[in-house]
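Comments concern the structure below.
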Amino acid sequence: MSQKSFVWFCLLPLAVVTTAFFLLPMARLVVAGAEGPHGLAGYLAILTESRYRATLINTVLLAAATTVVTLIVATIAGMFLQRHRFPGRAVLIAMLTFPLAFPGVVVGFMIILLAGRQGLIGDLSNRIFGEKFVFAYSIYGLFLGYLYFSIPRVILTIMAAVQKLDVGLEEAARSLGASPWAVQRDVVLPALAPAFVASGAIAFATAMGAFGTAFTLATNIDVLPMLIYTEFTLAANFATSAALSVGLGLITWLILALARTFSGSAVAAAG
């Protein structure tokens, strides 16, 4: 067998899997979105109809807020855990990454146990203030669920990036009289920028498309995954649900593409 034939033989399984599980379903989804009464104009509904547009804005803002807070928390925790050794460190890292094993529904259930009608926060606030604080089913509960879901994914990337930093650059900056904050601001954070973009893009994309947590908690707000679900199952509006799905995918893909542009191959590998 020639080398060229061998290469094509090796690529055949990849071509079959890509066609069967990606190209054909995506093509069918795009066609289904144009089969509604408005045809191709149905794809513009996500921008022209007020309900869909408001849901899109809610989803993007929630995903953006989740990404920013996740990066802040994961950066502080990741740098500390990577550069310090103390008893119980391995257990703490395991606890922080444990949510990786949970589906979104379990994460939502945990938020309900924390901030639901029978949750821990409600019981404590009732004993202290005589009133239950319940926010599990609001945008704050969904934000907390997304945050819990995103931090483990980001903190591992940040820890790996911190491990590869050149400590000599920091020592050189200190020897030149730079304060600890200046070292972090001018040396460490710029060096971690590709990791921030890569992990932040993944956190944003995950929050945009997370369904299990939204299905459990989003009773008082609309986000795109839940809107797609209700249009598909309750309203049997297949064309609209397909168009919304394509719109959600394009927006998320655009964010990942921009992240790849700003950070090079780091996001290409992560995404």
Side-chain angles (χ1 to χ4, degrees), residues 45-77 96 99-100 102-116 119 121 133-155 157-158 196-234 240-241 243-259 262 267 270-271:
I46 194 172
L47 299 176
T48 57
E49 294 194 20
S50 59
R51 180 195 174 194
Y52 298 156
R53 185 172 60 250
T55 302
L56 173 63
I57 294 173
N58 287 340
T59 307
V60 172
L61 291 179
L62 182 60
T66 301
T67 302
V68 171
V69 177
T70 297
L71 285 174
I72 294 173
V73 174
T75 299
I76 295 173
L96 288 172
L100 288 172
F102 291 153
V105 174
V106 175
V107 173
F109 181 60
M110 294 177 66
I111 299 300
I112 291 174
L113 293 178
L114 179 66
I121 293 178
F133 293 155
V134 177
F135 60 87
Y137 310 101
S138 67
I139 194 170
Y140 304 106
L142 190 57
F143 168 76
L144 189 61
Y146 282 2
L147 194 65
Y148 185 81
F149 203 71
S150 299
I151 286 177
R153 289 162 171 78
V154 174
I155 197 171
T157 304
I158 298 299
F196 292 154
V197 176
S199 57
I202 298 302
F204 183 87
T206 302
M208 283 288 293
F211 173 74
T213 307
F215 181 80
T216 309
L217 299 175
T219 57
N220 297 326
I221 58 174
D222 283 330
V223 288
L224 273 180
M226 279 302 301
L227 180 61
I228 293 169
Y229 173 78
T230 55
E231 289 289 341
F232 180 72
T233 58
L234 301 182
T240 299
S241 59
L244 292 174
S245 300
V246 173
L248 175 61
L250 287 176
I251 293 170
T252 306
W253 174 83
L254 178 61
I255 296 299
L256 292 174
L258 290 174
F262 286 113
V267 182

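Reckoned from all heavy atoms, side chains included, excluding hydrogens, waters and symmetry mates. Along the sequence shown, the residues carry numbers beginning at 1. Please read these numbers as outputs of a predicted model, since none were measured by experiment.
- Within the structure, the salt bridge (Lys or Arg N to Asp or Glu O under 4.0 Å) test picks out the following pairs touching residues 51-64 (sequence neighbours left out): Arg51-Glu231.
- Atoms CZ and CZ, from Phe109 and Phe102 in turn, are 11.5 Å apart once rounded to the nearest 0.5 Å.
- Atom CG of Leu142 sits about 9.5 Å away from atom OG1 of Thr216, to the nearest 0.5 Å.
- Met110 and Tyr148 get closest at one heavy-atom pair: CE-OH, 3.2 Å.
- For the atom pair CD1 of Ile139 and CG of Leu217, the computed distance is 12.0 Å after rounding to the nearest 0.5 Å.
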Can I get a per-line list of side-chain donor-acceptor pairs under 3.5 Å for residues 206-213, giving both atom names and the distance, sequence neighbours left out?
residue : atom : partner : partner atom : Å
Thr206  : OG1  : Ile202  : O            : 2.8
Thr213  : OG1  : Gly104  : O            : 3.1

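- Across every non-hydrogen atom of Thr55 and Leu224, the tightest pair is CG2-N, 3.4 Å.
- Under the 4.5 Å side-chain criterion, counting only non-hydrogen atoms from C-beta, Tyr52 is not in contact with Leu47.
- Atom CG in Leu56 sits 9.0 Å away from atom CG in Leu61 (nearest 0.5 Å).
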In a table with atom names and distances, give each donor-acceptor pair under 3.5 Å that connects a side chain of residues 243-257 to protein atoms at least two apart or in another chain.
residue : atom : partner : partner atom : Å
Ser245  : OG   : Ser241  : O            : 2.7
Thr252  : OG1  : Leu248  : O            : 2.9

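- Residues Leu227 and Thr230 are in side-chain contact: their nearest non-hydrogen atoms beyond the backbone lie under 4.5 Å apart.
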Next on the checklist: Could you walk me through whether Ile158 and Phe196 satisfy the side-chain contact (heavy atoms from CB on, under 4.5 Å) test, starting with their C-alpha distance in whole Å, then the side-chain angles of each, then the deciding distance to 0.1 Å, before giving a yes or no?
Outcome noted: CA-CA 7 Å; Ile158 298 299; Phe196 292 154; 3.6 Å; yes
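- At most 12 non-hydrogen atoms from other residues, nucleotides or ligands lie less than 6.0 angstrom from OH of Tyr140.
- In plain terms, the two heavy atoms of Tyr146 and Ala214 that are nearest each other are OH-CB, 3.7 Å.
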Under 3.5 Å, which donor-acceptor pairs do the side chains of residues 66-77 form with other protein atoms, sequence neighbours left out?
residue : atom : partner : partner atom : Å
Thr66   : OG1  : Leu62   : O            : 2.8
Thr67   : OG1  : Ala63   : O            : 2.8
Thr67   : OG1  : Phe204  : N            : 3.4
Thr70   : OG1  : Thr66   : O            : 2.6
Thr75   : OG1  : Leu71   : O            : 2.5

Item to check | side-chain contact (heavy atoms from CB on, under 4.5 Å) assessment of Ile112 paired with Tyr137 | outcome: CA-CA 8 Å; Ile112 291 174; Tyr137 310 101; 3.5 Å; yes
